Structure formats: C-alpha cells, structure tokens
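Written out below as structure tokens is the structure these notes cover.
Per chain, numbering begins at 1; letters A, B, ... match sequence-line order. Please read these numbers as outputs of a predicted model, since none were measured by experiment.
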There are 2 protein chains.
Amino acid sequence: MTAKQDRGRQTIRILLDAALDIFADEGVEGFTITSVVNRSGVSVGSLYHHFGSFDGLSTALYAQCTAEVMDTMIDTMHRASTARTGIEAMARSYLRWSRDHRPKSLVLHTARESEYRPAVAEVKRSRLVEIEKWLMPHIEAGRVQALSPVVIELLTMGPLAMTVGRWLENMPGIDLDEAITVMPECIWFSVKGPVG
Amino acid sequence: MTAKQDRGRQTIRILLDAALDIFADEGVEGFTITSVVNRSGVSVGSLYHHFGSFDGLSTALYAQCTAEVMDTMIDTMHRASTARTGIEAMARSYLRWSRDHRPKSLVLHTARESEYRPAVAEVKRSRLVEIEKWLMPHIEAGRVQALSPVVIELLTMGPLAMTVGRWLENMPGIDLDEAITVMPECIWFSVKGPVG
DNA sequence: TGTACATCAGTGAACGCGCGTTCACTGATGTAC
DNA sequence: TGTACATCAGTGAACGCGCGTTCACTGATGTAC
C-alpha cells in the first residue's frame, strides 16, 4: 500500500520538478506538455493518470508555489511582536523568498493561471484567514487603519508583486535588495494611516 | 497620397478595433490571428502588410492602451496644485479609466505582452519622464520621501494594478468604487513618508 | 505459503485541431513625361 | 490630358508545426482465501 502510493508520489514529484526546471530555463513559453514529458522522462499517459490534464499539472505547480510563499510569510509574521514589525517583516519575507526562489516566483508571476482557480483559491483562503486573525486586533486597537482585509492585502502585496514581476523580466533599474531595504517601511505607512 | 495613406490607416484602425472587441467578448484566450481576421473582415495578408506579424498587431494594441491611460493620468496630474492632490488624483484617474475602459484595461493586464518590449517601453519612457519632472520639486522640498522614481512608481502603481487585475478577473470582494475612495490616500501616505 | 484477481501506475503511437506564417497574385493609387 | 510604370494595399488558399489529448495496452503492487 505504502510502496504503491510512494511510486505514484515520486512520479508526481518528478513531473513537478521538471516543470519547475523548465520555468527556470525557458520561462512560460517553454512550458508545454511536450517539454515536461521530455525533461521528466515520464510518459504522457502517466502524466494524465496523475493530473488529469496538462492544466491539472499546471494548477498543482501554481498551488504548491503559492503555499510555499504564504507559509514563509506567515511564519515570519508570527515571530513579530508589533503591527509594524509584522507588516514590514512579511513584506521583506516575500521579497527575499522571491529573490531566493526565482523559478517558483516565475511560476507565480507568469503562469497562465489565475489565483482564482478553485484549487488555488482554497490554498490561499486558509492562509489569508490566518493573516487576518493576526491583523484584526491591530485594526481594532487603531494601530492599523480600519480598512477591509482585501484592501490591506492589495496595499501590501501590490507594490511587492509589481517589483518582483519586473525583476523577473530583467527590467533595468530594478534592484531587489534596494526594494527589501526601502519598501517595507513605505508599505507600513500606507496601512498605518494618518495617525501616530 | 493622402487617400492612399488613409486607406491603410483605416484598415489599421479596423484591425485594432476588432482586436479590442475580441478582448472585450472573449478575453485573451480568444485573441488569435484567426479571430481578428474573421471579426474585422480584413485578410491575413493585409494584416501582415501593416503589422508584419501577429505579434506586431498585439504590440501596437498594447502600446496604444498604454499611451491612453498614461496620458489620462498625466492630464489629471497637471491640474493638481500640491504633491498630495497630484498623487491622489493620478491614482483615482487610473482606477476610473480602468473602470470606464474595461476592454483596454483587459489588454493591459492580460495580453501576452511585456511592458518592456521596445515599442511599448518607448511609449512609457517619455511619459514617465514627464511625471518625474513634476515629481522632482516635491521630493527636493521634502514633501515626498527621497525615493528613486522607480520605487515611487512601484508604490503607487502596484496596489492599483493589482486591484484592477483582480477586478478584471471578477474576483469576489473587489469593489472598484471602494478602491477609488480609499486607496489614493493610502498610497499618498506610502510615498509621503514619516514626516508631517 | 501460493495463487487468482483487482487496482493502481505507466507506456507511447496516433490523432485532430488551430495556430501563425508564406506567397503568388490582383487591384488601387500616385508619379513622370 | 493621356499613358506607362512604380509603389502601396489587399486577397486567400496552402503550409508546417507543435500543441493537448486519447486509448488500447503492459507492468507493478496490493488483497483475499
């Protein structure tokens, strides 16, 4: 039973790893079922057995990367003691993770996937709830502006996502290390609001 | 001479209009050379005569939409008298334009194009220079934090772009009118910095 | 323990489809004398 | 003004390619008795 399941799990891993390697080497353009099959050495039929479709593989990869960044950020958040340090640390955490996991970041920013596919949405939902749970007391105490959680997410993740997106495209003038130094504080100002 | 050039210009218009209609009705997925040719009634050969390739048409459409939003924002900016009203008005201007030009906004957010294609980069460059010219005095006077223009662009456009992107995907919980009310001020706080 | 059967995992040739592109061509407009 | 020529604009059948998918099949592992 275990051995059987393990064989399958290993194939799934091999396929997802190959997919990630393709993003690293050739970008989205190179990411096709043919390239995944060739690089992994796994047959098309086997890929279909496990993922149902190419889209299924694609979504699984996207969901996995999403889970990884968000877990990293949440982990950082829990170590912070104030609203300010929490927000700033999360921002830094996202930028650092992106810098250190370029291929996965490339998946998140260029894959022909939407964050709103059910499989991905579920991965995000539970994690956003956790962040919201941490945030609420700070809002109630007035340390963070009384904004809807969605708006706060947009204010914090917006600049970060755009920064990383451009960095991935190798746009000139984008210095991720400068962003790590400078942006978290600015983002804090935007959610803190006028008081204090 | 004029008549000849006009005939060509008209064809170009017809093609770009058809492309935009396709984005409106079917999204990026439906945007193929076949669909553009069918909808416009123009022949493939003629499309190639004017744009060189399907990619050429695609880039032209993207560049046109880019020019339109940016010109709208700059126009708004010039009417503002303070740093704060300028930044806030630009943010509002972008969100309003997106709401009122959904198809063009869809092109900007979903087209398989990069902002960094030469043809598009040039359209952006000259306009960014103009914004920078407006911004510099405010930075020098300390009314806006001493950040690089790129970082300021990321801080302001990041949240806006993410908001519009999600609105275009019909994500639940995204209210563009709420964003228009609330976000510009937050963005101002992020670029203003700690003082004041 | 051995054997029969069921289920899971994996194979790869074959398929249809629609994409972007080419090319030899005709028609319209402008230019020269 | 007329005619000859050059250039620009437009046509659409034909092409090759690579994509995602299917399917009839074999092999491996687990289960029952």
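C:dG10 is paired with D:dC25 under the Watson-Crick or G-U wobble criterion, all donor-acceptor distances under 3.5 Å. With a cut-off of 3.5 Å on both pairing distances, the Watson-Crick or G-U wobble partner of D:dC15 is C:dG20. Across all strands shown, the partner of D:dA32 is C:dT3, judged by Watson-Crick or G-U wobble contacts whose two distances both fall under 3.5 Å.
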Self-check item: Test log, rule side chain to side chain contact (heavy atoms under 4.5 Å, CB included), inputs B:Ser58 and B:Tyr62
Solution: CA-CA 6 Å; B:Ser58 189; B:Tyr62 192 97; 5.9 Å; no
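Between B:Thr34 and C:dC19, a side-chain N or O to OP1/OP2 separation shorter than 4.0 Å is present. Proximity of A:His49 to the phosphate of C:dG10: no side-chain N or O atom is located under 4.0 Å from OP1 or OP2.
A residue-by-residue look at A:Arg112 and B:Thr11 shows that B:Thr11 has its nearest nucleotide of DNA chain D further toward the 5' end.
Distance CZ (B:Phe51) to C1' (D:dA9): 13 Å, rounded to an integer number of Å. Across the protein-nucleic acid pair, B:Asn38 atom CG and D:dG12 atom C1' stand 12 Å apart, rounded to whole Å. For A:Glu29 and D:dC17, the CD to P distance is 20 Å, given to the nearest whole Å. Distance, B:Leu47 CG to C:dC19 C1': 14 Å, rounded to whole Å. Following rounding to the nearest Å, B:Asp55 (CG) and C:dC19 (C1') show an atom-to-atom distance of 14 Å. The distance between atom CD1 of B:Ile22 and atom C1' of C:dG18, rounded to the nearest whole Å, is 15 Å. Rounding to whole angstrom units, CZ of residue B:Arg9 and C1' of D:dG10 are separated by 17 Å.
In this structure, the nucleotide among C:dG20, D:dT11, C:dA9 sitting nearest to the side chain of B:Phe54 is C:dG20. Taking every side-chain heavy atom of B:Thr32 into account, C:dG20 is the closest of D:dT11, D:dA28, C:dG20. Candidate nucleotides C:dA13, D:dG10, C:dT22 were compared by shortest atom distance to the side chain of B:Tyr48, and C:dT22 ranks first. When distances are taken from the side chain of B:Ser43 to each of C:dG10, D:dG10, D:dT21, the shortest belongs to D:dG10. The side chain of A:Arg7 approaches D:dT29 more closely than any other nucleotide in the set C:dT22, D:dT21, D:dT29. Distance from the side chain of B:His50 is smallest to D:dG10 among C:dT11, D:dG10, D:dA28. Minimum atom distance to the side chain of A:Ile33 is reached by D:dG20, of the listed D:dG12, D:dG20, D:dC8.
The CZ atom of A:Arg39 lies 4.5 Å from the CG atom of A:Asp25; values are rounded to the nearest 0.5 Å. Between the OG1 atom of A:Thr110 and the CZ atom of A:Arg112 there is a distance of 8.5 Å, given to the nearest 0.5 Å.
With a 6.0 Å radius and a threshold of 12 heavy atoms from other residues, nucleotides or ligands, A:Glu68 has its CD atom above the threshold.
The cluster map of Ile, Leu, Val, Met, Phe, Trp and Tyr, joined by side-chain heavy atoms under 4.5 Å apart, puts A:Leu147 and A:Met90 in the same cluster.
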